[in-house]
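Computed over heavy atoms, backbone and side chain alike; hydrogens, waters and symmetry mates excluded.
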Amino acid sequence: MARYCLLGRVDPAKLDEYKARHAAVWPELLVALRDSGWRNYSLFLRPDGLLIGYCEADDLDEAQAKVAATEINATWQAEMSRLFASEGAPDEAWERVDEVFNLEDQLAASGH
C-alpha cells in the first residue's frame, strides 16, 4: 500500500472552526472514506494554516475519485471550502509531496 503526503492551506482566520469541524467528522463521511480506499488518514495543521495530510491507499487517485462521487463528500467539501485559502473543493486542491525516506522500508531492505 502506497503512502501519500498532501499539502493544503486553511484560512488562518478560520483555524478554530476547521479544528472543531474535524474533531467530529460526520460518521457517513468516515465510512465513505474508508470504503473508497483511504487508510491511516491523518491531518496536521500549523498555526499559519499549512495543512499536512497523510494517508495510505492502493491508488490514491482511485480512492479520491470514489469518495468524490459520494453525495456526503460533495456536501462536506462545499461546507469546508469556505475555510480554505484555496479556490474550489479542498479535496481537489491538494499538493502531493514525494516520499524520500521511510524507516521501516529501509530497515527491511537492510535486513534489520
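- Contact detail for Trp76 and Leu29: the closest heavy-atom pair is CG-CD2, 3.3 Å.
- Each of Glu17, His22, Lys14 was compared with Met80 under the side chain to side chain contact (heavy atoms under 4.5 Å, CB included) criterion, and only His22 meets it.
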Per-pair distances, 0.1 Å, donor-acceptor, side chain in residues 40-49, under 3.5 Å, sequence neighbours excluded:
| residue | atom | partner | partner atom | Å |
| --- | --- | --- | --- | --- |
| Asn40 | ND2 | Glu56 | OE2 | 3.2 |
| Arg46 | NE | Asp48 | OD1 | 3.1 |
| Arg46 | NE | Asp48 | OD2 | 3.4 |
| Arg46 | NH2 | Asp48 | OD2 | 2.6 |
| Asp48 | OD1 | Leu50 | N | 3.0 |

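- Taking all atoms of both residues into account, the shortest heavy-atom contact from Ser86 to Ala93 is OG-CB, 3.7 Å.
- When all heavy atoms of Val10 and Leu15 are compared, the pair lying nearest together is CG1-CD2, 3.7 Å.
- Between Arg3 and Glu104 there is no salt bridge, since no side-chain N of the basic residue sits under 4.0 Å from a carboxylate O of the acidic one.
- For the atom pair CD (Glu79) and CG (Leu83), the distance works out to 9.0 Å, reported to the nearest 0.5 Å.
- In this structure, the side chains of Tyr18 and Asp11 stay at 4.5 Å or more apart for every pair of heavy atoms.
- Here the shortest heavy-atom pairing between Trp94 and Gly53 reads CZ3-N, 4.1 Å.
- Linking ILVMFWY side-chain heavy atoms closer than 4.5 Å, directly or via other members, places Val31 and Trp26 in two distinct hydrophobic clusters.
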Could you walk me through whether Leu51 and Phe84 pass the side chain to side chain contact (heavy atoms under 4.5 Å, CB included) test, one step at a time? CA-CA 10 Å; Leu51 181 66; Phe84 277 76; 3.9 Å; yes
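- Here the side chains of Leu6 and Val97 are not in contact, with every heavy-atom distance at 4.5 Å or above.
- Heavy-atom minimum distance, Ala57 versus Tyr4: O-CE1, 3.8 Å.
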Are Leu33 and Val25 close enough, and set up right, to give a side chain to side chain contact (heavy atoms under 4.5 Å, CB included), and what steps lead you there? CA-CA 11 Å; Leu33 285 161; Val25 173; 5.6 Å; no
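- Shown here are the side-chain hydrogen bond (donor to acceptor under 3.5 Å, both in side chains) partners of Arg96, two or more places apart in sequence or in another chain: Asp61, Gln64.
- When all heavy atoms of Gly37 and Ala63 are compared, the closest pair comes out as C-CB, 4.1 Å.
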